[in-house]
Each structure stands twice: as C-alpha cells, then as structure tokens.
Amino acid sequence: MQDSLIETGPADAQPLAEIRLNTGLSIIIPTYKEVENIPHILNRLDALRQNYNLTLEVLFMDDDSQDGSVEAVAASGFDWARMIVRTKNRGLSWAVIDGFSAAQYPILVCMDCDLSHPPEKIPQMVLGLATDQQMMVGSRYVPGASTDDDWGFMRWLNSVVATMLARPLTSVRDPMSGFFAMRKADFDRAQDLNPVGYKIALELIVKCAFGNVGEVPIHFTDRVHGESKLTLKEQLKYIQHLRRLYLYRFANAMYLAQFLVVGASGVVVNLLVLSLLQLIGLPDALCLAGGIGVSVVTNFMLNRRFTFSYARDRNIAAQFAGFVGASAIGVAVSFGVSLILRESAFEGMSYGLQLAALCGIAAGMIFNYLGNRYFVFRKTHIRK
Ligand code: GDD
Ligand code: MN
C-alpha cells in the first residue's frame, strides 16, 4: 500500500503528511445499478482510510437504481459513506457535479464504482494536488499504466480516437478518465458547466481552464460485476460535447471557420444559378443578380442554423431583414466589382463572367462577415 508513496520520492512525504492531518477527502462515486460492487469498493476504501489515517466521506451519487444499493451502503456500517439518490437531471456527469457540490471536504476525488480504478492510487493523486497541480488524473496512457488484456481492439481504437479529438483542448494524455482529483475551491469557482455524456474530467479541465494537470499511471481493471453503461448512444454524445467545448474555447475562430464554410457553399450556389440563367439566355447583369440573390438566401439559412446557432431562436423574418440589410453593402460591392471587372480586366475572356463574379464574391464576403458578426448575429442574448 505504501508503494504509491515511495514512487513519488521521499522529498514529497511532507506535503502528504500535512494533507493527511489537515485535509479531508470527499470521494464521489456515480452509480447506476452497482449493488454488487458497493461492498467491495467500500472495503478497499476502508483499507486505504486506515492505512493513511484519512479523513474522508464517500458519496455514492445514485440515479435511483432501486436494486438494493441504498441498503448495501447502509449495511456496510461505515458512517463516512452515504448514498444520495437522484431523480432529476440524471446522467453520469451531472451526478458527479451534484456530488462535488454536496461534498464537505477541500479535496474531491471522482471514480467509478466498478473497481476499474484502484483506490490505492488516491494518496499519490492527493499528493499532486498538495504541490502545484490543479487536477490529478488516474491515467491509462502514461508510462507505467496498463489496461486489462481483454480490452478489445475496437474499445482501444475508440478510446484513442476520442482522446485525439480532445487534443486541441488539453495536452492531458487521458482526459477521458473517470478517475481524477481536484480542489473543491476550484470546482466552486467553475462557471458554465454544461456537460453532455460521460466526459466530466474533460469538461472540468476546459471550464476551469486547468493548465497544470498531473497524471498518475493506473492499471485499469475490467469490471467483474454488473455491466458498463457506456452505450453507443452515450458515446455519440461526445461529439456534441466536443463541439460545445471547442465553441467555448475557440469561439471566434469557430464562428469564422463556420462562416467561411457556409460562404464557400454560397459560391457554389451562386455560380450554379448564374450559369443556369446564362444558359436560358438572360442578360449578364440579371444572371449575376440571380446568383447573388439565391446564394444570399441559402447563406442566411445555413448561418442561422449552424454558424450563429445561438441566435436561431430569434424571429426569422426580422433576422432575415437584418441579414439582407447588413449584407446589402456586401451585395452591392460584389455586384459592382463583378460588373466593372466583367467590362475591364475580364473583357472577352472565356468564363469572364464567372471570374468576375468570383472576385466580386471575395470582396463582398469581407463586408458580409463583418456586418453579420457585429450586427445581425451580434451576441447580445446568449442561449442558456
Ligand atoms: N449516477 C449515475 N448515472 N451513474 C452512472 C450513470 C448514470 O447515468 N451511468 C454510469 N454511471 C456510473 C456507473 O455505475 C459507474 O460507477 C461509473 O458511472 C462509470 O460507468 P461505467 O458503465 O462503468 O462506464 P465505463 O467503465 O464504460 O466508462 C468508464 O471509463 C471511461 C473511459 O474508458 C468511465 O470512467 C468513463 O467516465 C470513462 O470515460
Ligand atoms: Mn467502468
């Protein structure tokens, strides 16, 4: 049991001693139908408590399993363990957030109930917090870590891809881990917590803007009792969660990128429509106007739906009027530049009309983005 202490070196023994004497631990365990695992994890935690003379509370945050879990906690006779039964706002991440809110001690630990996460690593994690780390993660992807052999290829691949997608948000090797420790004070300061799905550590790293996250290697054991609740549906929520986190972290870059993608689609629409009108034999000016007119409508719909989706609850008619008004300068610029180039630089060239239109589009786009970002879809109301 003392191994984890020795790994960190004798110089670190002092902070742990302080923590042992002065600091209590709140261990939060989200549960759903874990009745078989509860006695085992409590015994492991009790051994740890005695070994290190820890002051701790264990909060099982249960989503109304009704499988005898409540009785199992009571039967343990440990007065430091209790179960909180939740009936609202269900789900793993919110269970953890509620547990962190209810916790009474300055250090918070989150772990699975299924014994995948070795409680014996907790002292080392707490030790990291006692130095300068803001969060300590029980990690499967640092040297010294391992997972049970029967981790299938698909589960491994899934985990690796998920971790890579989170890379721009954090350099932590295993931000998907459900085993981590942090300070209650940092949690209380966290704002805009809005997780969906399973990745609560990643949510906290991003929303608390943690730059200093330490990792402790763990051996990740496959669960023996009960089943995993990580269904495909839960995993797909990760994509939604990632989009939220990227928007939160890279707001401006994300708006611009989405606006440009929509703009690019507008270019295609514009050229298609104007070529079609040209085919019918309409005069050039009308072809240009038609291309612009149709692409304005498709651009508006796409920007409202995706780029500036926070504003899509607002009145569509008024918003479209604003969009057209704000884009008017851009449209005029696009039309003007196209016409002038058509009659000068691109005169007599094959596809001269299309080239002129492209240049006009580029000029108009600059005006369009500024008008939309800072006028039509300005961020006055933020959707809850
Ligand atoms: N309250 C509550 N509500 N608890 C839940 C819910 C829920 O909807 N779903 C799952 N839990 C509990 C489980 O009872 C377990 O204690 C813990 O949350 C993790 O659920 P598992 O079903 O064991 O998930 P897993 O082992 O597949 O996933 C674990 O590893 C992932 C990384 O591979 C979790 O730690 C994930 O957080 C982690 O991303
Ligand atoms: Mn598990």
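One-based numbering, in listed order, for ligands and for the atoms of each. The chain is numbered in sequence order, starting from 1.
- Taking the centre and axis of the six-membered ring of Y238, the NZ or CZ atom of K199 falls inside the cone set by 45° and 6.0 Å.
- Numbered from 1 in the order shown, with element, the atoms of ligand 1 that lie under 4.0 Å from a heavy atom of A95 read 1 (N).
- Residue-level check: among N/O/S atoms of D114, OD2 sits closest to the Mn ion (ligand 2).
- Closest heavy-atom contact between L288 and A357: CD2-CB, 3.8 Å.
- Close contacts of ligand 1 with D114, meaning ligand atoms under 4.0 Å from a residue heavy atom, involve 23 (O), 26 (O).
- A cation-pi contact, defined as under 6.0 Å to the ring centre and within 45° of the axis, is absent between R173 and Y141.
- For ligand 1 and D112, the ligand atoms under 4.0 Å from any heavy atom of the residue are 16 (O), 17 (C), 19 (C), 23 (O), 26 (O), 29 (C), 34 (C), 35 (O).
- Between E34 and ligand 1, at least one N/O pair is under 3.5 Å apart.
- Of the N or O atoms in I29, none lie within a sub-3.5 Å distance of an N or O in ligand 1.
- Residue-level proximity to ligand 1 for R223 is carried by the side chain, the only part with a heavy atom below 4.0 angstrom.
- Judged by the 6.0 Å distance and 45° axis criteria, K207 is positioned over the aromatic ring of Y248.
- Every atom of ligand 1 with a heavy atom of M176 under 4.0 Å away is listed here by number and element: 32 (C), 38 (C), 39 (O).
- Shown are L45, I38, D62, D112; of these, the side-chain contact (heavy atoms from CB on, under 4.5 Å) with I29 is made only by L45.
- Close approach to K199 involves these atoms of ligand 1, each under 4.0 Å from a residue heavy atom: 39 (O).
- At least one N/O-N/O distance between M61 and ligand 1 falls below 3.5 Å.
- Near S228, meaning under 4.0 Å from one of its heavy atoms, ligand 1 places the atoms 22 (O), 24 (O), 25 (P), 27 (O).
- The closest approach of D112 to the Mn ion (ligand 2), by N/O/S atoms, is made by OD2.
- Here the CZ atom belonging to R49 is positioned 11.5 Å from the CG atom belonging to N43, to the nearest 0.5 angstrom.
- Across I205 and V213, no two heavy atoms sit closer than the pair CG1-CG2, 4.4 Å.
- Atoms of ligand 1 lying under 4.0 Å from any heavy atom of R140, numbered from 1 in the order shown and given with element: 32 (C), 33 (O).
- Not one N or O of D62 is nearer than 3.5 Å to an N or O of ligand 1, by distance alone.
- The distance from atom NE2 of H241 to atom CD1 of I200, rounded to the nearest 0.5 Å, is 7.0 Å.
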